[in-house]
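Chain identifiers are assigned alphabetically (A, B, ...) following the order of the sequence lines, protein sequences preceding nucleic acid strands; residue numbering begins at 1 within each chain. The structure presented is a predicted model; accordingly, all values stated were derived computationally and were not measured.
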Amino acid sequence: MSDTLLSIRGLTKAYPGVVANDDVSFDIQKGEIHALLGENGAGKSTLVKMIYGLVAPDKGDMSFDGAGHAPSKPSEARQAGVAMVFQHFSLFDALNVAENVALGMENPPAPRDLAKRIREVSELYGLPLDPARMVGTLSAGERQRVEIIRCLLQDPRLLIMDEPTSVLTPQEVEILFETLRKLKAEGTSILYISHKLEEIRALCDHATILRHGKNVGTCIPAESTAREMAEMMVGSSFATPAAHDRELGDVLLDVTGLSLPQQGDFGTPLRDISFQLRAGEVLGLGGVAGNGQDELLMALSGEYLTEAGSVALKGADVSRHGPSARRNAGLLSAPEERLGHAAAPDMSLTENGVLTAAERQNLTSNGLINWGKAQGFAETVIKTFDVRTPGPHVAARALSGGNLQKYVVGREILQDPEVLVINQPTWGVDAAAAASIRQALLDLAAKGAAIVVISQDLDELMEISDRFGALNEGRLSAPRPVAELDMEQIGLMMGGAHGMEVAHVEH
Amino acid sequence: MDLSSINPVLLVASIMVSATPILLAAMGEMVVEKSGVLNLGVEGMMITGAVVGFAVAVNTTSPMLGFVAAAIAGAALSLAFGFLTQFLLSNQVATGLGLTLAGLGLSALIGKPYEGMKSPTLPKLDIPVLGDLPVLGKMVFSHDIMVYFSLALVVAVWAFLKHTRAGLILRAVGESHDSAHALGYKVVRVRLIAILFGGACSGLGGAYLSLVRVPQWTEGMTAGAGWIALAIVVFASWRAGRVLIGAYLFGGVTVLQLNLQAAGANVPVALLSASPYLITILVLVVISARGNHGAPAALGRPFHASH
């Protein structure tokens, strides 16, 4: 077994009320890219945290290159040769690149040498980075490079990557894959966590699939279809949203020359955005995170007011109206950040329902809340969108990310909006629930609503949109019918891959 | 008004003495806040340091032992704050305010038998050559050791935060405790050490008040110095150099307005008395109004390693 780098035997980890990992076993060979597949909540993150020493297993053991591997803290795992690129970057905005890299290393060299090594490694792998830049000013793709370079500087033998591509453009993904293949050719093993099946088919040698914390099978991705792997992940087959064929009606939302100055230190200004949206139409807006998505949603929802005449709803100017006025006029929105923006974490689902639906669902009379009716509305959302929760009295914070997402999306859809602006509608929900949310959006459009969907998931946008536009540094490309587009053009619309080149390690 | 009664040499010398307690407390609090913890108990720790330092110095007749005891007392009080906020996850604002109230009460109790006594005070250093310089020697180079200690502390804290790995880790913890935890750093331990350091510095600042500046004990003698130290940290944008400016500015205006009052300036006394607060805040607001404020992003947020 000298070819095995990491061997996992019977790993079990239980949290109160949920078994995150149940008797999981598999091996990672030297110099292979091994995929770990599973839906949100399948136990992938817990598993890699055990390998990286952040969580101690309840049962089971691991061996790394023949020796026992039971790291009690990440520094021990790093010394053994395990490095990890986190899904939510473990970076510090107010520190510069070199300082961020130094924090992730056991014995960082002196600052000047470190800056030099960062430049060397970043050029070797085609990931240019300036060591003196503040991390808060970097794009998501650049932040990921910081994490990757931090790992590479330690010459890891096993590199763990947790959902690395969720924030990248197609071109950036290609460059990342090229870097990973070079690493593999150098003999580094990679544990690649994702739920994007096409990526795994393109990149990985083996795949281990987790469902509800159990290892439900392995496969060779290149020899399996995406559908087969998806069904192993979900454990059943699910319906893909029905194709759309709709009559378009009048223009409901007319955005002309919408601009917004930069908000806060790390915000993105909006620059001269124009588009029209007709009844029954779904406009998909893609783009790498941080290119103005949040700002656009808030400018449309009324959280940021813009110059008079820039946003018109059904022909009436609403640019200077706040969110409540726009809601009453039929323009609803669902922001990306669930806790704190879309929902108040410590308030119950019923209360959270009242917060946005009070007017349109007549949940108040004479300034008093009709709690019976409010609870009824919350229960309808829970039932219609299959929100798994003990009931509407539960605090929003207590729901898992995917379930809360279903609730906040459902809450807006059930208010019969005429225009709905929604950011990341299926972020963090499992494949079956994502399909039902998309279907609900399509049904809403079929009833004559106009919908703006902002998303990082291009497959999702291609599936449900009539037209597609991309945000890049606060500018919107002219929306084009989805039928005319291929991936290459979409990548170019998203602004391409600035300053990136394919790795050129010689062997 | 007779301005000639103000001696510039004595004025500068007393400015340095007057600024030292606030400088000590503010440096400690800056380190605490850099680690992401907001301890509003500075006033309480200062006055506890003042009374404990005074009591120990009177009983042992050694002012140095008084300072050591004051640092320990301040740290002990901050440990209570650290335990409540870091392990029991209590609200930092409420706990800090409670610490101030507890410190004020505790000090009044301890200090009762010492009222009206006079403490042994620190000797002025006799620095060769520098101390003999004309004007400058008397102005800057003939103070007690704590004045120079406080200035050295500013340099040390600046260098620690900017150039050492431990300082980088401390800033990282204050910037994002979740990221720091994910990288395997001990967030709670780092914060506790910072809290203890802040408590010790506050204690020293308090003892400087009761042992050097006004060498006697009066109930409530800190008179808001701890709150000024807190404000200086914020308006100084969490930078050691600016904290120094803020503390000396406050000390300077305090001494100057006393001199002006003595010289019979034609300005209402109430306005003169308020002027140190007004001018310090005004100047620091102007400094910090320009761009980057640099508040540690995790300041005041509780941390719990949930997985």
Quiz item: Which atom names give the shortest non-hydrogen contact between B:R191 and B:R301, and what distance separates them?
Solution: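 Nearest heavy atoms, B:R191 then B:R301: NH1-O, 3.7 Å.
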Quiz prompt | B:A297 versus chain A, the contacting section by heavy-atom distance below 4.5 Å | solution = neither
Quiz prompt | chain A contact via B:A180 - which portion, at a heavy-atom distance below 4.5 Å | solution =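 Its backbone and side chain both get close to chain A.
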Quiz prompt | Other residues, nucleotides, ligands: >12 heavy atoms within 6.0 Å of B:R165 CZ | solution =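 Buried by this count: over 12 neighbours within 6.0 Å.
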Quiz item: Quick one: does A:R133's side chain get under 4.5 Å of A:E142's, heavy atoms only?
Solution: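 Side chain of A:R133 against side chain of A:E142, heavy atoms only: contact under 4.5 Å found.
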Practice problem: Report yes if some heavy atom in the side chain of B:T280 is under 4.5 Å from a heavy atom in the side chain of B:F235; otherwise report no. | Solution: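 Result no, sub-4.5 Å side-chain heavy-atom pair not found.
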Quiz prompt | Among the listed options A:G104, A:S75, A:P108, the residue most often paired with chain B at heavy-atom distances under 4.5 Å | solution =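 Counting heavy-atom pairs under 4.5 Å, the top option is A:P108.
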Quiz item: chain B heavy atoms under 4.5 Å from A:L103: which part of the residue, side chain, backbone, both or neither?
Solution: both
